[in-house]
Amino acid sequence: MHKSHQLVDSLKKGDEKTIASIYNDNRNGFVLFASRYEISKEDVIDIYQDAIIVLCENAKKGLLDNLQSNISTYLYSIGKYMIFHKLKKDGKNSIKEDTIPDTIDWDFYEEEQENIEVQLLQKAWSKLGEQCKKVLQLFYYEEKKLDEIMETLAYTNKDVLKSQKSRCLKQLKDLTTSKNG
């Protein structure tokens with residue numbers, strides 16, 4: 001059994017040692033990651049704790065069963081969008097607009113959403129071509145700069161890569177909003 005599958009199974013069971021281990025292994029990195037945003041350390045810790053809770057809830061709901069990334073990446077993405085949500089709510093515009101895909105509702109951590117958006121997104125994601133997955137994964141999840149992505153994926157022209165990213169994001173948006181998705 002793959003290590004991440006074991007972690008997901010332990011999270012599903014609510015294993016406190018696993019939860020504590022994930023919490024402790026990722027806390028400092030998350031605080032460091034969050035320090036780039038205009039948000040107090042207390043709020044960062046609150047958000048991190050909420051993200052851990054959401055991680056555990058999503059594991060219990062089976063949303064991590066086919067997780068393609070590692071648990072840390074998933075946890076950071078939850079926390080990142082919680083940070084964006086808080087900054088938006090607080091009216092702080094310190095985030096570059098192009099870092100938040102406004103065409104997709106990323107507020108998947110809110111309980112009232114009942115995870116419908118995540119399920120739609122996961123379904124749409126599975127229909128994307130491999131190249132689109134790579135481009136969007138590198139840009140939005142791994143936060144690579146276009147120059148780094150160009151090198152990693154052997155693009156020869158930055159404008160071609162920008163167009164590809166734009167097309168991929170549009171395709172993902174279209175897939176999440178299509179009725180026959």
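More than 12 heavy-atom neighbours from other residues, nucleotides or ligands sit within 6.0 angstrom of CG on N157.
Here the closest heavy-atom approach between residue C56 and residue L11 is recorded as SG-CD2, 3.9 Å. Between F139 and K144, the shortest heavy-atom contact is CD1-O, 3.7 Å. Here the shortest heavy-atom pairing between K12 and K60 reads O-CG, 3.5 Å. Scanning both residues, A34 and I83, for their nearest heavy atoms gives CB-CD1, 3.6 Å. The shortest heavy-atom contact between L87 and E38 is CD2-O, 3.2 Å.
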Worked check of salt bridge (Lys or Arg N to Asp or Glu O under 4.0 Å) between E130 and K133: CA-CA 5 Å; E130 284 307 308; K133 286 181 183 176; 3.6 Å; yes
Stepwise side chain to side chain contact (heavy atoms under 4.5 Å, CB included) test for D147 and E151: CA-CA 6 Å; D147 292 331; E151 195 174 305; over 6 Å; no
Audit row: D9, K13, salt bridge (Lys or Arg N to Asp or Glu O under 4.0 Å) steps and yes/no: CA-CA 6 Å; D9 285 344; K13 294 172 187 163; 5.8 Å; no
From CA spacing to verdict: side chain to side chain contact (heavy atoms under 4.5 Å, CB included), H85, K88: CA-CA 5 Å; H85 183 73; K88 192 174 177 183; 5.7 Å; no
Residue pair L169, K173: steps toward the side chain to side chain contact (heavy atoms under 4.5 Å, CB included) verdict: CA-CA 6 Å; L169 197 54; K173 176 194 179 279; 6.0 Å; no
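Within the model, atoms CG of N26 and CD1 of I71 stand 9.5 Å from one another, a figure rounded to the nearest 0.5 Å. To the nearest 0.5 Å, atoms CD (Q164) and OH (Y155) are separated by 3.5 Å. Distance check, rounded to the nearest 0.5 Å: CD1 of I53 to CD1 of I78 gives 11.0 Å. Atoms CD1 and CG, from I52 and L75 in turn, are 4.5 Å apart once rounded to the nearest 0.5 Å. Between atom CD1 of residue I39 and atom CG of residue D90 there is a gap of 7.5 Å, rounded to the nearest 0.5 Å.
Both V160 and L146 are members of a single hydrophobic cluster when ILVMFWY side chains are connected at heavy-atom separations under 4.5 Å.
A distance-only check finds no donor-acceptor pair linking the side chain of S166 to the backbone of K162 [under 3.5 Å]. Looking only at distances, a side-chain donor or acceptor of Y48 sits under 3.5 Å from a matching main-chain atom of R27. For S21 (side chain) and K17 (main-chain N/O), no donor-acceptor pair under 3.5 Å exists by modelled atom type.
Aromatic ring orientation, F33 versus F30: tilted (interplanar angle from 30° to 60°).
I47 pairs with exactly one of E42, M82, K80 by the side-chain contact (heavy atoms from CB on, under 4.5 Å) rule, that one being M82.
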